[in-house]
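Below is one structure, written out as structure tokens; comments come after it.
So that the names make sense, note that chain A is the first sequence line, chain B the second, and so on, each numbered from 1.
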Number of protein chains: 2
Amino acid sequence: MASSIKTGSAGASRAAARAGAGELPLNQIVAGDCIEAMNAMPAGSVDLIFADPPYNLQLKGELHRPDNSRVDAVDDAWDRFDSFAAYDRFTRAWLKAARRVLKPDGAIWVIGSYHNIYRVGAALQDLGYWILNDVIWRKSNPMPNFRGKRLTNAHETLIWAARDEAGKYTFNYEALKELNDGVQMRSDWVLPICSGGERLRDENGDKAHPTQKPEALLHRVIVGTTNPGDVILDPFFGTGTTGAAAKRLGRNWIGIEREEAYRKVAQARIDAVVPYDLDAVRVTRARRKEPRIPFGQLVERRLLEPGDLLYSINGRHVAKVRADGTLVARDARGSIHQVGAALEGAPSCNGWTYWHFKKDGRPAPIDVLRQQLRAELGDGA
Amino acid sequence: MASSIKTGSAGASRAAARAGAGELPLNQIVAGDCIEAMNAMPAGSVDLIFADPPYNLQLKGELHRPDNSRVDAVDDAWDRFDSFAAYDRFTRAWLKAARRVLKPDGAIWVIGSYHNIYRVGAALQDLGYWILNDVIWRKSNPMPNFRGKRLTNAHETLIWAARDEAGKYTFNYEALKELNDGVQMRSDWVLPICSGGERLRDENGDKAHPTQKPEALLHRVIVGTTNPGDVILDPFFGTGTTGAAAKRLGRNWIGIEREEAYRKVAQARIDAVVPYDLDAVRVTRARRKEPRIPFGQLVERRLLEPGDLLYSINGRHVAKVRADGTLVARDARGSIHQVGAALEGAPSCNGWTYWHFKKDGRPAPIDVLRQQLRAELGDGA
DNA sequence: GTAGAGGCTGAATCGTGGA
DNA sequence: CTCCACGATTCAGCCTCTA
């Protein structure tokens, strides 16, 4: 997994040229402007983008028009409208380039504060992204408001959006539930700000980057919305938190960063990261991803036999197993699901958990028989 | 403090005419469209606006809980818009009318969710409002995500903005600090949703309004950003939570509401409110609990790393930590508690005391890591 | 009277894959 | 592309009923 820093103002296109058509600068930091760099990458090639764009609306010298020409005359004479308009142009330009490099089922995370997140959110929606959640990073140790003129600004906002409304985005529901002690992960995440030993410092002991994000935040994002081996792109790489967390978790990463000083710090940081071992990176798998076992197989394999009786979970109904894997009850016949739904007058029913068989005289859901069969057929979860 | 409902489709202008030039329909519910009604009011006459506009949810089909019960969703006509552009036109129109009736030092609160809040925030900025904070209402009891396709949507966002960048908005720093046990009020507020006895119901026992807000939320807004005697306007009055809280706290209120059914409920509700003594101090405080620290947080925060080994208290078993905070042992996988119980053949197991990690070569229970994290995160985790 | 079980509900952009 | 069967999926709080 060799890494190298691309340098020079045309670094992005050189990197793309070197990589060859259809190749990505995987696990590398690309130097240069993120819009140019993304436009030099093949379309539809990235699984996830994590972006921490500049917040400041007075982006002296950092704004670019959609055609990449630099916005000049950015000075204090700008009124608010011009400033917002310029920020919007910048935002829409990089979000458009980002959308191009995303796979159809890809997704994006953008983090921001009230200064910029409303511009970003509106732009995402206007460009066709589909917001899945907004997430609040609730800082456990925020900086107080010293002047007592406002509330302590104790959170930042992340927007999670699919490339398209129809996109089949990655969401590791079970893994996040596990991370949260067995209850669904909520949209508010309590995490401390990046400080102490995690905070990167330069030779003077000053912080290397003003807005370094905690790696725990990226851990949750990456575990929850990517799979091992996925490609994660960060267009505002900074000191490389995204790359460090991605490498640790066995994902591929691409960083884009304009400032050489940040690139150096990031590269050294990522070089020092030792990835977790592969089976530790694996994550609890959703049930719907497990191989499908038709109920009929239970009968074929004689875990249940034609004529056996099944009892509903509430004890109110009985059904008889038939040789073709259907059930017959007093008023219904059909699949385990159909009969369950019919007897309960429900729109649907999961027959695997609804129907119970007698095991040593005690009722057990037929799902345990399915599990048994899955284990036999060899299923490494 | 007499109250009366204005009726009729031209109610707004009639009310304004009756009030006479320069007068406001104080402590009254105005019938009609909020833009017309606000335009009929004198400019620069309102101290605070609290607005709970339609969220433009764009729901598709029906949603059922896992127990097959149907979720009673917000499908009212007033929440349907044809496009983001239509929603933006509506939003900018009412925000513009709202800005006109605000005093120069006035301020506005708008509440929303990710469906609409980015449109609202961008419009506020474009129209010249100056955002002071965004505030996160963290719901202590949100509705879960029943299909496991996204994060539990556990919060809503409020934007607090001054009419002008230069506005000398009202902010009762000390009062909010008192409300918050003597420490600065933060930008995230933990409050339960409106339910139980507070939830208004019609004669059938159905909820009178699909999105009634908790009065505690308005209490905090009003105590923090108005003074007694101020005029508070709510252009989407609904069942009058703003009016009820304002009356209780000795503020003047104006409600605008199109639907007669809501106006009736609101009027009866507010008539029944008995204002507090002027010098009474009431503290609304969310219940405080010992913060729960999921084992997964130890992994995210790298107090333990994926791949690390844990040893059972009796030394008989080993397990490996995974990235989602589960353990894998030879014959079991799952949470720290599940794996401990499985290996011991016990019905349950406290993983926090059962599992030990190696600290300076000596075993220590993982519970010490939890204690460490709890101290760092403080309360509210 | 009281403890516990069970039911109900809340601003929700809440399928998928094979035929 | 559509159609349709399969079958996955919930947390906190309040209210009611029963023992």
Side-chain angles (χ1 to χ4, degrees), chain A residues 125 129-134 160-162 165-166 168-169 171 173-174 177 180-187 286-290 292-296 314 325-326 334-338 340-341 346-355 366-367 370, chain B residues 52-76 78-81 84 87 111-117 137 139-157 192-199 201 205-207 209-214 236 238 286-287 289:
Chain A
Q125 291 177 316
Y129 290 95
W130 190 248
I131 298 184
L132 299 166
N133 277 117
D134 53 2
W160 174 38
E165 180 175 353
K168 296 186 206 297
Y169 56 91
F171 181 54
Y173 172 77
E174 297 289 346
K177 190 172 173 178
N180 197 35
D181 243 13
V183 294
Q184 285 191 338
M185 185 67 81
R186 301 168 36 119
S187 58
R287 245 186 293 253
R288 58 166 65 88
K289 295 284 183 204
E290 292 181 354
R292 177 176 294 197
I293 307 272
F295 177 73
N314 51 28
T326 58
S335 75
I336 52 172
H337 315 295
Q338 288 167 339
S348 70
C349 171
N350 184 344
W352 292 106
T353 51
Y354 179 78
W355 292 111
I366 57 176
D367 200 35
R370 180 169 65 160
Chain B
D52 182 9
Y55 286 11
N56 189 24
L57 285 187
Q58 310 169 61
L59 303 175
K60 303 251 159 49
E62 289 205 329
L63 180 64
H64 292 85
R65 298 185 179 78
D67 65 3
N68 274 322
S69 63
R70 188 181 148 276
V71 173
D72 181 17
V74 179
D75 55 356
D76 305 68
W78 49 254
D79 197 47
R80 284 198 283 270
F81 294 83
F84 281 128
Y87 188 79
I111 184 168
S113 68
Y114 67 83
H115 313 85
N116 72 323
I117 200 67
W137 168 25
K139 302 180 184 182
S140 54
N141 50 348
M143 179 156 57
N145 185 295
F146 295 115
R147 304 300 293 267
K149 303 306 289 182
R150 302 183 176 192
L151 302 164
T152 305
N153 197 1
H155 72 275
E156 293 188 27
T157 301
I193 60 176
C194 180
S195 67
E198 188 187 345
R199 190 87 195 203
R201 304 200 173 268
D206 298 327
K207 49 193 177 191
H209 191 283
T211 71
Q212 187 184 341
K213 295 294 175 288
F236 306 97
R287 200 175 311 170
K289 272 189 200 166

- Between B:Asp72 and B:Lys207, does at least one N-O distance fall below 4.0 Å, as a salt bridge requires? yes
- Item | Spacing of the P atoms in C:dT16 and D:dT10 (rounded, Å) | 16 Å
- Message: My understanding is that only residues two or more places apart in sequence, or in another chain, count here; which of them pass side chain to side chain contact (heavy atoms under 4.5 Å, CB included) with A:Ser187?
- Response: B:Asn153, B:Ala154, B:His155
Which atoms of nucleotides 16-19 of chain D (N or O only) lie under 3.5 Å from a protein N or O atom, and what are those distances?
none

- Message: Under a 4.0 Å threshold between the charged nitrogen and the carboxylate oxygen, would B:Asp206 count as salt-bridged to B:Arg201?
- Response: no
- Message: Let me confirm one number: the CD-CD distance from B:Gln212 to B:Glu198, rounded to the nearest 0.5 Å.
- Response: 6.0 Å
- Message: Within the 4.0 Å limit for protein heavy atoms, which parts of nucleotides 4-12 of chain C are touched? Write it as a string from 5' to 3', B for base, S for sugar-phosphate only, - for none.
- Response: -----BBBB
- Message: Students often get this wrong, so: under 4.0 angstrom with heavy atoms, is A:Ile131 touching a base, only sugar-phosphate, or nothing?
- Response: base
- Task: Please name all residues satisfying side chain to side chain contact (heavy atoms under 4.5 Å, CB included) with B:Ser195, sequence neighbours left out, ordered by chain then number.
- Result: none
- Message: Under 4.0 Å from OP1 or OP2 of D:dA8: is there any side-chain N or O of A:Arg370 that close?
- Response: yes
- When syn is taken as a glycosidic angle within 90 degrees of 0, is C:dT13 syn or anti? syn
- Task: Could you tell me whether the phosphate oxygens of D:dT10, OP1 or OP2, come under 4.0 Å of any side-chain nitrogen or oxygen in A:Tyr173?
- Result: yes
- Message: My understanding is that only residues two or more places apart in sequence, or in another chain, count here; which of them pass side chain to side chain contact (heavy atoms under 4.5 Å, CB included) with A:Thr353?
- Response: A:Asn350
- Task: Please name all residues satisfying side chain to side chain donor-acceptor pair (under 3.5 Å) with B:Asp67, sequence neighbours left out, ordered by chain then number.
- Result: B:Ser69
- Item | salt bridge (charged side-chain N to carboxylate O under 4.0 Å, His left out) contacts touching residues 144-153 of chain B (sequence neighbours left out) | none
- Message: For the CZ atom on B:Arg199, are there more than 12 heavy atoms of other groups (residues, nucleotides or ligands in this structure) within a distance under 6.0 Å?
- Response: yes
- Task: Quick one: label B:Thr152 by what it contacts on the DNA or RNA (base, sugar-phosphate, nothing), any heavy atom closer than 4.0 Å.
- Result: nothing
- Under a 4.0 Å N-O cut-off, is there an ion pair linking B:Lys60 with A:Glu165? yes
- Task: Consider the side chain of A:Asn350, meaning its heavy atoms from C-beta on, and name the nucleotide among D:dA8, C:dT13, D:dT10 that approaches it most closely.
- Result: D:dA8
- Query: What pairs with B:His209 under ring-ring contact (aromatic ring centres under 6.0 Å, His included), at least two apart in sequence or on another chain?
  - Reply: B:Trp78, B:Tyr262
- Consecutive-pair stems (3 or more, Watson-Crick or G-U, under 3.5 Å) for DNA chain C: C:2-10 with D:11-19, C:15-19 with D:2-6
Check nucleotides 16-19 of chain C against the protein and report each pair of N or O atoms closer than 3.5 Å, with its distance, or say if there are none.
| residue | atom | partner | partner atom | Å |
| --- | --- | --- | --- | --- |
| C:dT16 | OP1 | B:Lys149 | NZ | 3.2 |

- Message: Going by side chain to side chain contact (heavy atoms under 4.5 Å, CB included), name the residues that satisfy it together with A:Tyr173, two or more places apart in sequence or in a different chain.
- Response: A:Phe171, A:Lys177, A:Gln184
- Partners passing side chain to side chain donor-acceptor pair (under 3.5 Å) against A:Arg186 (at least two apart in sequence or in another chain): A:Asp188
